Undergrad: 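Sharing a structure, written as structure tokens. Questions coming.
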2 protein chains.
Amino acid sequence: MDRIVIATAPSVTSQVYDWMRERVLRGELAPGARLSETEIAGAIGVSRQPVREAFIRLASDGLAEVRPQRGTYIGKISVAAVLSARLIREAVESDLARMVAADPPVEMLARMAEEIALQERADAEGAVEAFIDSDDRFHRLLATGARQEAVWHDLEKLKSQMNRLRHMSMRAFDRAGTIGQHRDILEALRRRSPDAAERAVRAHLRQMLDELPRIAARHPDFFTD
Amino acid sequence: MDRIVIATAPSVTSQVYDWMRERVLRGELAPGARLSETEIAGAIGVSRQPVREAFIRLASDGLAEVRPQRGTYIGKISVAAVLSARLIREAVESDLARMVAADPPVEMLARMAEEIALQERADAEGAVEAFIDSDDRFHRLLATGARQEAVWHDLEKLKSQMNRLRHMSMRAFDRAGTIGQHRDILEALRRRSPDAAERAVRAHLRQMLDELPRIAARHPDFFTD
DNA sequence: ACGGGTTTACTTGTATGGAAGTATCCCGTA
DNA sequence: TACGGGATACTTCCATACAAGTAAACCCGT
């Protein structure tokens, strides 16, 4: 049974943090953009302190950088961090795929098929946000299927940098190819083949190795090593 | 050539953060212990604000929990988080081992042997801190050998929870067994066998699955699900 | 002795003022 | 026109005061 949780008004700090984080992840705040405690505080009608504390949390996530006495900036996308996150995802998700492939829950397989259908629709309609969200859910299903929800939670922090990349330039991504790879993964799981599932996941996640240089070349200002 | 970096006095916030973090990781601050902005600020002679901001950063690392209007507490060790971190480490480090095994740098092999020697000495002398530090360096060599330093940096956040565990009760760990497993890993790398290296790493990191329940049973107050 | 309501002491959250540092602009000078 | 140098307008950092909420202690009536 679910225990009830008492809803309490979120602190100003939390609200500012959530709002900023969302905007950074969606690319609405460009990497390198300059922020200001005073400015934002004035804009939303609160004091500087909660805004400042929201900045600290953002910086802790690697999404912002505060330079003492100089200013606070939206963090640029670290190529090294993206490559690292990609490697970790490949290692972990291919392991999860192996685990799941041994006895894939039917519920999970069904929901994966649903997500693929959603992705086709989003691709046809050019709905970038919907596509990315569905893609995230698809991968998350691997973790839930393996009863490793906590793993997904840990991966999310790493994924954040990769998601910024995708929002920046969704057109550079081969969406049709992505959907095909998702289908390959699902098919391997249905066949209960750990080897095929691992291969499919690794192939899928290696796609970014091709895309990253293209995107970085197109927006050099948004990246650092 | 290395560019010079101008040394600037670290902010009070940073100093408090580093100090607290170190103490939490070494287990000198027990999980669940109660903190107080006012108390710590008074003890070191600064105002509440920097201490408060250090707490925010600790909370962001999952090492503390601030409950509004109630108090700030050293975070208990989440069993789920430890298991998740362990799974991720196994997946990533076994991949790194495969990569390194293809062409292991002699420099890395030599330093691994050195660390194993250090671990034997630390074990004989009962030097817990030295043993853990050396163990960390040993695993880190895998990442450096694969030219993936950034990956190690990402893993460190996850490892922090596991390290707290080890400091809590080092006696519960089978140190001799650990050293033997390190030797197995090194031997597999010397033989340039990716398969053996992967097996050795996975076996090594699965050891914690045995130890975790024992330790959790011994210190139930320090854990949450 | 026990229960219940009130007070009181303590917690974190927010606002505000000033301190210290940085970068830019402007103006005088060669 | 090019170049220094100083005032100035920012920035984040830290200190302090107060607001709002929690929890424990306490007192009082039964």
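Chain A is the first sequence line, chain B the second, and so forth, proteins listed ahead of strands; every chain is numbered from 1. None of the values given here were measured: they were computed from a predicted structure.
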Undergrad: Select from A:Arg70 and A:Thr13 the residue whose nearest nucleotide in DNA chain C is closer to the 5' end of that strand.
TA: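 Of the two residues, A:Thr13 wins.
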
Undergrad: Apply side-chain hydrogen bond (donor to acceptor under 3.5 Å, both in side chains) to residues B:Arg34 and B:Tyr73 and explain how you reach the verdict.
TA: CA-CA 5 Å; B:Arg34 190 164 197 269; B:Tyr73 300 82; 3.2 Å; yes

Undergrad: Assuming nearest nucleotide by heavy-atom distance, tell me which of A:Pro68 and B:Gln69 is located more 5' along DNA chain C.
TA: B:Gln69

Undergrad: Measure the acute angle between the ring planes of B:Phe138 and B:His182, then classify it against the limits of 30° and 60° as parallel, tilted or perpendicular.
TA: parallel

Undergrad: In whole angstroms, how far is the C1' atom of C:dT12 from the CD atom of B:Glu65?
TA: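 For the pair B:Glu65 CD and C:dT12 C1', the rounded distance is 14 Å.
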
Undergrad: Tell me the interatomic distance from B:Ile40, atom CD1, to C:dT11, atom P, rounded to whole angstroms.
TA: 11 Å

Undergrad: Specify the separation, in whole Å, of atom CZ of A:Arg52 and atom C1' of D:dT11.
TA: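 Checked: the CZ to C1' distance equals 11 Å.
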
Undergrad: What is the distance from CG of A:Leu35 to P of D:dC10, rounded to the nearest Å?
TA: 17 Å

Undergrad: Output the single nucleotide from C:dA15, D:dC13, C:dT12 whose closest atom is nearest the side chain of B:Val66.
TA: C:dT12

Undergrad: On the nucleotide D:dC10, are OP1 or OP2 found under 4.0 Å from the side-chain N or O atoms that A:Ser36 carries?
TA: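 Negative; the distance criterion is not met.
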
Undergrad: Taking CD from B:Glu37 and P from D:dA17, how many angstroms apart are they, rounded to a whole number?
TA: 16 Å

Undergrad: Among C:dT11, D:dT12, C:dA15, which nucleotide has an atom closest to any side-chain atom of A:Ser47?
TA: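 The nucleotide sitting nearest to the side chain is C:dA15.
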
Undergrad: Round to a whole Å and report the spacing from CD of A:Glu53 to P of D:dT12.
TA: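 From A:Glu53 CD to D:dT12 P: 14 Å.
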
Undergrad: Whole-Å distance between C:dT11 P and B:Tyr73 OH?
TA: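 Rounded to whole Å, this separation is 10 Å.
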
Undergrad: So for A:Arg48 and C:dG17, does any side-chain atom that can act as donor or acceptor lie under 3.5 Å from a complementary atom in the base?
TA: yes

Undergrad: With a 3.5 Å cut-off and no angle check, do the side chains of B:Gln119 and B:Glu114 form a donor-acceptor pair?
TA: no

Undergrad: Do A:Ile179 and A:Glu115 have side chains that get closer than 4.5 Å, going by heavy atoms?
TA: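 With C-beta onward as the side chain, the pair stays apart.
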
Undergrad: Check whether any side-chain nitrogen or oxygen of A:Thr72 sits under 4.0 Å from OP1 or OP2 of D:dT11, and answer yes or no.
TA: no

Undergrad: Taking only the side-chain heavy atoms of B:Arg34 (C-beta and beyond), determine which of C:dT14, C:dT11, D:dT11 contains the nearest atom.
TA: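 For B:Arg34, the side-chain atoms sit closest to C:dT11.
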
Undergrad: May I have the distance from B:Gln49 (atom CD) to C:dA19 (atom P), rounded to whole angstrom?
TA: 17 Å

Undergrad: Taking atom types as modelled, is there a side-chain donor on A:His167 or A:Glu129 under 3.5 Å from an acceptor on the other?
TA: yes

